[in-house]
Amino acid sequence: QVQLVESGGGLVQAGGSLRLSCVASKTVRGINAMSWYRQAQGKQRELVAAITTGRTTTYSDLVKGRFAISRDDAKNTVTLQMNSLQPEDTAVYYCNIRNLGRLFGNYDYWGQGTQVTVSS
């Protein structure tokens, strides 16, 4: 029903910045959370940052103060600005949208992922 496409990943040196974007194929209705997850090689997927319909944000302690999440509902996009990148941030980053309210049912959409590699 809804497809998510991430972009903006790449190779960057430690201390550098990247900006990830995720575009939904159509508007996701209702109260929801748009999130970025990441999965490093050999590790479990973890939440990086999330932002609700009401613009409440939450961040992993590992990225707090370095990353910033935002959303533009008019453009069906969620963005992750990543600054002061470190090699430990190397992972595949995934976009996610899931419902919080139940008026429009339960949904949980995922993108295909974009690779972020940080060199030392």
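Quick note: residue numbers are just sequence positions, from 1. Given the structure is predicted, the values throughout are model-derived calculations rather than measurements. Computed from heavy atoms alone, side chains included, the values below leave out hydrogens, waters and symmetry copies.
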For [X] and [Y], work out which heavy atoms get closest and say how close.
X: Cys22; Y: Leu4; result: SG-CB, 3.8 Å
X: Val118; Y: Thr90; result: N-OG1, 2.9 Å
X: Asp73; Y: Arg55; result: OD2-NH2, 4.3 Å
X: Lys26; Y: Asn76; result: C-ND2, 3.7 Å
X: Ala24; Y: Val2; result: CB-CG1, 4.0 Å

Do we see a donor-acceptor contact under 3.5 Å between the side chains of [X] and [Y]?
X: Gln115; Y: Thr117; result: yes
X: Ser35; Y: Arg98; result: yes
X: Gln112; Y: Glu6; result: yes

**Prompt:** Members other than Leu103 in its cluster, when Ile, Leu, Val, Met, Phe, Trp, Tyr link by side-chain heavy atoms under 4.5 Å?
**Reply:**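 Phe104, which link up through side-chain heavy atoms under 4.5 Å apart, make up the rest of the cluster.
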**Asked** Taking the hydrophobic residues Ile, Leu, Val, Met, Phe, Trp and Tyr, and joining any pair whose side-chain heavy atoms are under 4.5 Å apart, which ones share a cluster with Tyr37?
**Response**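 Once heavy-atom contacts under 4.5 Å are chained together, Tyr37 belongs with Leu47, Val92, Tyr94, Trp110.
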[atom2] on [Y] to [atom1] on [X], rounded to 0.5 Å:
X: Leu80; Y: Arg71; atom1: CG; atom2: CZ; value: 14.0 Å
X: Thr114; Y: Leu20; atom1: OG1; atom2: CG; value: 6.0 Å
X: Ile69; Y: Met34; atom1: CD1; atom2: CE; value: 8.0 Å
X: Tyr59; Y: Trp36; atom1: OH; atom2: CH2; value: 13.0 Å
X: Arg38; Y: Met82; atom1: CZ; atom2: CE; value: 9.0 Å
X: Glu88; Y: Ser120; atom1: CD; atom2: OG; value: 9.0 Å

**Prompt:** For atom CG of Leu100, is the number of surrounding heavy atoms from other residues, nucleotides or ligands below 6.0 Å larger than 12?
**Reply:**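 Yes - once you tally the heavy atoms of other residues, nucleotides and ligands closer than 6.0 Å, there are more than 12.
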**Asked** Between Leu85 and Phe67, is a side-chain contact (heavy atoms from CB on, under 4.5 Å) present by the stated rule, with each step listed?
**Response** CA-CA 9 Å; Leu85 284 162; Phe67 292 8; 3.7 Å; yes
Quick check against the 3.5 Å criterion: does [X] have a side-chain atom that pairs as donor or acceptor with the backbone of [Y]?
X: Thr27; Y: Arg29; value: no
X: Asn99; Y: Tyr107; value: yes
X: Gln86; Y: Ala14; value: no
X: Asp89; Y: Pro87; value: no

**Asked** Could you walk me through whether Gln3 and Tyr109 pass the side-chain contact (heavy atoms from CB on, under 4.5 Å) check?
**Response** CA-CA 7 Å; Gln3 294 186 347; Tyr109 303 116; over 6 Å; no
**Message:** Run Asn96 and Asp108 through side-chain contact (heavy atoms from CB on, under 4.5 Å) and show every step you take.
**Reply:** CA-CA 7 Å; Asn96 170 258; Asp108 189 8; 2.6 Å; yes
**Request:** Show your reasoning for whether side-chain contact (heavy atoms from CB on, under 4.5 Å) applies to Val78 and Ile51.
**Result:** CA-CA 9 Å; Val78 58; Ile51 181 167; 4.3 Å; yes
**Request:** Would you please name every residue forming a side-chain hydrogen bond (donor to acceptor under 3.5 Å, both in side chains) with Lys64, sequence neighbours left out?
**Result:**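 With neighbours one apart ignored, the set is Asp61.
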